[in-house]
Amino acid sequence: MRTITKKPEVLAPGGTLEKLKTAIHYGADAVYIGGEAYGLRSRAGNFDYEEMAEAVAFAHSHGSKIYVAANMVTHEGNEEGAGEFFRTIRDIGIDAVLISDPALMEIAVTDAPGLPIHLSTQASATNYQTLNFWASEGLERVVLAREVSMAEIQEMNEKTDVEIEAFVHGAMCISYSGRCVLSNHMSNRDANRGGCAQSCRWKYGLFDMPLLGQQNPVGAGEEGIEEKFSMSAVDLSMLEHLPDLIESGVDSLKIEGRMKSIHYVSTVVNVYRKAVDAYCADPDHYELKQEWVDELWKVAQRELATGFFYKDPTEDEQLFGQRRKIPRYGFVGQVMAYDPETQMATIQQRNNFGVGDEIEFYGPGLRHNKLTVEAIWNEHDEAIDRAPNAMMIVKMKVPFAVERFDMIRKKK
């Protein structure tokens with residue numbers, strides 16, 4: 001009989017206040033966010049102090065935690081103001097800060113005593129000796145490098161007491177632990193100080209240059225190979241191997257994606273919440289359900305693989321060649337209210353939908369229902385065929401119960 005000694009937290013991305021609240025509503029135990037400085041996602045909807053305070057109040061009222069990423073590599077002068085930043089987020093009630101740069105750690109320890117520090121994945125922790133070093137420095141948790149194997153995690157858990165956090169779902173960086181200067185070279189944006197342009201995701205022509213100034217396209221056709229050259233990795237998904245992760249002793253299961261939509265965040269958190277709860281409740285009779293796998297594919301943007309957990313990735317885990325047709329679903333709206341007597345739902349539109357479309361409602365706990373739209377009304381109770389304007393409020397009859405903040409999608 002299997003015994004689960006600890007239930008790992010489901011840790012979700014919170015690129016904006018709306019995404020943070022969505023993640024918690026759909027089951028996240030904790031959410032990581034960025035402040036207006038010291039992080040690595042300058043284009044994410046980062047939080048000012050007032051928004052952080054609202055985030056903390058909301059999360060703590062729902063029994064969840066908030067972590068702030070301050071994981072940039074600091075050059076001279078980048079650390080200015082960090083002491084005040086760390087003191088302020090500590091006093092706001094942030095549960096921990098993620099740091100990779102020892103200079104920022106020293107400032108946090110000195111200027112904001114009592115603020116828990118987690119080691120960022122940018123620091124490339126890949127062995128138990130490294131974990132023990134950081135534990136001796138007073139860090140409570142280490143976010144592992146994505147290049148760590150399952151066997152290494154098991155050894156770490158046996159030989160260290162520090163908490164272990166591991167990525168389980170989302171984009172994989174082509175460089176080692178995200179330490180890359182390709183963006184610096186291609187677009188003059190420093191990836192290690194928050195400006196990554198994701199140059200590895202671009203498509204490039206591949207040419208042979210036997211002589212100076214001569215370019216011969218590689219492959220068939222005058223424009224080179226049909227599938228443009230890419231150095232981009234497929235995405236990570238460990239849903240089908242959650243028992244291994246939980247039994248390895250991982251304390252936190254981290255989902256990547258602070259710049260993803262609330263459709264993505266709600267779907268992925270919903271699935272991992274359901275799977276973790278099911279396994280921890282009855283590991284001996286746990287069964288991976290195909291509907292969970294299918295649900296993840298509704299927001300997948302690339303192929304999915306297991307990263308470095310079981311073997312070193314090969315060309316099969318890169319975006320080369322013809323890609324499989326992934327079923328595409330579009331996020332079309334969110335339920336704002338529902339009257340069970342009239343069966344009328346008030347919906348905030350996010351993308352165009354209308355009469356004749358088959359749509360799917362879903363909510364926490366993987367509740368699902370489908371219907372074909374027969375009629376919709378605008379906020380003036382006028383019948384309309386379509387809802388074309390972003391964020392417009394519409395009403396429609398829904399013959400089954402839905403709840404506030406349930407999401408609506410349709411197959412493209």
Side-chain angles (χ1 to χ4, degrees), residues 5-6 8-9 11 30 32 38-41 65 67-75 78-79 82 86 95-110 112-181 191-193 196 233 236 238 241 244-256 306-313:
T5 58
K6 55 186 173 183
E9 75 176 6
L11 175 57
Y32 62 98
Y38 315 111
L40 285 182
R41 287 291 181 269
K65 297 180 179 180
Y67 309 139
V68 170
N71 51 349
M72 72 181 296
V73 174
T74 56
H75 290 243
N78 292 152
E79 78 287 352
F86 291 133
D95 295 284
V97 61
L98 291 91
I99 305 177
S100 64
D101 194 315
L104 288 180
M105 289 182 195
E106 182 67 21
I107 294 171
V109 169
T110 303
L115 176 64
I117 300 175
H118 296 174
L119 185 73
S120 168
T121 189
Q122 303 296 126
S124 304
T126 56
N127 58 76
Y128 75 87
Q129 293 96 332
T130 296
L131 269 64
N132 284 332
F133 168 80
W134 288 114
S136 70
E137 291 294 307
L139 273 63
E140 294 187 358
R141 177 183 293 183
V142 170
V143 186
L144 299 180
R146 302 189 204 198
E147 296 78 21
V148 171
S149 70
M150 188 67 69
E152 289 172 323
I153 294 176
Q154 292 168 347
E155 183 176 15
M156 291 176 191
N157 188 54
E158 293 170 359
K159 297 180 179 179
T160 184
D161 293 328
V162 71
E163 290 185 4
I164 294 174
E165 181 177 308
F167 280 92
V168 296
H169 198 93
M172 293 286 285
C173 185
I174 198 68
S175 67
Y176 202 97
S177 293
R179 297 182 299 186
C180 177
V181 293
N192 296 295
R193 287 190 281 179
C196 181
L236 172 68
M238 285 295 288
H241 303 276
D244 288 351
L245 279 166
I246 296 173
E247 291 177 13
S248 75
V250 169
D251 296 273
S252 180
L253 307 174
K254 188 170 192 173
I255 299 165
E256 182 275 339
T306 56
F308 290 81
F309 280 107
Y310 298 103
K311 64 182 179 65
D312 288 343

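At a cut-off of 3.5 Å, with distance as the only test, no side-chain donor of S100 or N71 sits close to an acceptor on the other residue.
Under a 3.5 Å cut-off, the side chain of D251 and the backbone N or O of I164 do form a donor-acceptor pair. A distance-only check finds no donor-acceptor pair linking the side chain of S149 to the backbone of F309 [under 3.5 Å]. At least one donor-acceptor pair closer than 3.5 Å links the side chain of T110 to the backbone N or O of E106. Side chain of Y32 to main chain of L11: no donor-acceptor pair is present (N/O by atom type, distance under 3.5 Å, no hydrogens or angles).
Residues D161 and N132 come closest through the heavy atom pair N-OD1, 4.5 Å.
Under the ring-ring contact (aromatic ring centres under 6.0 Å, His included) criterion, F133 pairs with no residue at all, not counting sequence neighbours. Residues passing the salt bridge (Lys or Arg N to Asp or Glu O under 4.0 Å) test with E155, sequence neighbours excluded: K159. The ring-ring contact (aromatic ring centres under 6.0 Å, His included) test applied to Y67 returns H118, not counting sequence neighbours.
Between V143 and F167, some side-chain heavy-atom pair lies under the 4.5 Å cut-off. Taking the side chain as every heavy atom from C-beta outward, L144 and E152 never approach each other to under 4.5 Å. W134 is listed as a side-chain neighbour of M105, based on a closest heavy-atom distance under 4.5 Å. For the pair E147 and D312, the minimum side-chain heavy-atom distance is 4.5 Å or more.
The CG atom of L139 lies 11.0 Å from the CD atom of E163; values are rounded to the nearest 0.5 Å. Residue H241 holds its NE2 atom at 13.0 Å from OG of S248, rounded to the nearest 0.5 Å. We find the CE-OG distance between M72 and S120 to be 12.0 Å, quoted to the nearest 0.5 Å.
Between E256 and R146, no side-chain nitrogen of the basic residue sits less than 4.0 Å from a carboxylate oxygen of the acidic one, so the salt-bridge criterion is not met.
If you run salt bridge (Lys or Arg N to Asp or Glu O under 4.0 Å) between E9 and each of R141, K254, K65, only R141 comes through.
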